[in-house]
Protein chains: 2
Amino acid sequence: MGDKISRGLLRSRERTFKALSDGTRLEIIEYLKDGERCVCEIIPHIGKAQSTTSKNLGILFRAGILDKREDGKKTFYRIKNPEIFRLMKDADSLNLKDLASVSETVDALRRAIEG
Amino acid sequence: MGDKISRGLLRSRERTFKALSDGTRLEIIEYLKDGERCVCEIIPHIGKAQSTTSKNLGILFRAGILDKREDGKKTFYRIKNPEIFRLMKDADSLNLKDLASVSETVDALRRAIEG
DNA sequence: TAGACATATTCCAATATCTAGATATATAAC
DNA sequence: GTTATATATCTAGATATTGGAATATGTCTA
């Protein structure tokens, strides 16, 4: 209990969460859920400029979230570690519990009014 | 496979990760690991201005990560849902796997050089 | 070899957001 | 009135996001 957490661990958490705190990058991750895709597919799917998409891919790559493979003139990105999806699921379940408690509150209010 | 993720889910993930993408806020979360603390304890522990700390507490509260309870003239904050620590663990294990692969690489290089 | 293509990278500009501190005010409890 | 806290305003600096344009690299192809 109460163990001091290392600065380094905090900093790497921050880096990870920062990489994930952008909608465009979250969409890229979702798009790669089913397997690797070449940049030429990712760009039109995301619908942003080439430089923008390339920069975001670089951010995810440097954060250790994506991996890449070059084949001829194409580059394919993929999820480096599927554990990232557990992170997503955990985030979702946190958010869903929030929604659930809101809906419980709404239900309670409804009962109070109608009942 | 390939199910379209809802915009709403993406947006709430983004909100969650954004709230977690700041070192000060990560420290607050760590500080609350062992139970609730009043703002009067959190401020000196974090070592930032009162307004700054209060703002960060508000961000975590509005993101659904912290809960609060008022007692007299004091306010106590606590972790709303301990699942948040699973998120932290997941982030750590992603990062540690990265470190592991770096250290494997270093080891391989060392073997190659030293024979 | 010349040229087309895929991608990364860099530079630039515009805009937006974040972070923090300082200060002041509002509220409620003591 | 003092204390604890939240909130708002203002400032200032830092960082992020995007697009555009240009450039560099490397690969494939005619």
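The chains referred to below are lettered A, B, ... by the order of the sequence lines, with proteins before strands, and numbering in each begins at 1.
- With values rounded to the nearest 0.5 angstrom, A/Cys38 atom SG is found 13.5 Å from A/Lys68 atom NZ.
- A/Ile59 has its CD1 atom 14 Å from the P atom of D/dT15, to the nearest Å.
- Rounding to whole angstrom units, CG of residue B/Leu20 and P of C/dC18 are separated by 14 Å.
- In this structure, A/Arg37 fails the cation-pi test against A/Tyr77, since its NZ or CZ atom is not both closer than 6.0 Å to the six-membered ring centre and inside 45 degrees of the ring normal.
- Between B/Leu60 atom CG and C/dT19 atom C1' the separation is 14 Å, expressed in whole Å.
- For the pair A/Asp71 CG and D/dT27 C1', the interatomic distance rounds to 10 Å; values are reported in whole Å.
- Computed from coordinates, the B/Asp22 CG to D/dA16 P distance equals 12 Å when rounded to whole Å.
- Not counting sequence neighbours, B/Asp67 has no partner by the side chain to side chain donor-acceptor pair (under 3.5 Å) test.
- The CZ-P distance, from B/Arg69 to D/dA6, rounds to 13 Å in whole Å.
- Atom CD1 of B/Ile46 and atom P of C/dA20 are 10 Å apart (whole Å).
- Partners of A/Asn56 according to the side-chain contact (heavy atoms from CB on, under 4.5 Å) rule, which considers only residues two or more places apart in sequence or in another chain, are A/Asp22, A/Thr24, A/Arg25, A/Ile28, A/Thr52, A/Ile59.
- Note: B/Phe17 and A/Phe17 have parallel aromatic rings, judged against thresholds of 30 and 60 degrees for the angle between ring planes.
- If you measure from atom NZ of B/Lys48 to atom C1' of C/dA22, you get 15 Å, rounded to the nearest angstrom.
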Practice problem: Begin with the C-alpha distance, continue with both residues' side-chain angles, and end with the deciding distance and a verdict on salt bridge (Lys or Arg N to Asp or Glu O under 4.0 Å) for A/Glu30 and B/Arg13. | Solution: CA-CA 12 Å; A/Glu30 277 304 305; B/Arg13 280 183 191 172; 2.9 Å; yes
Quiz prompt | Nucleic acid footprint by protein, nucleotides 1-11 of chain C - heavy-atom cut-off 4.0 Å, B for base, S for sugar-phosphate alone | solution = ----BSBBBBB
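- Contact check, A/Asn56 against D/dA16: no side-chain N or O comes under 4.0 Å of OP1 or OP2.
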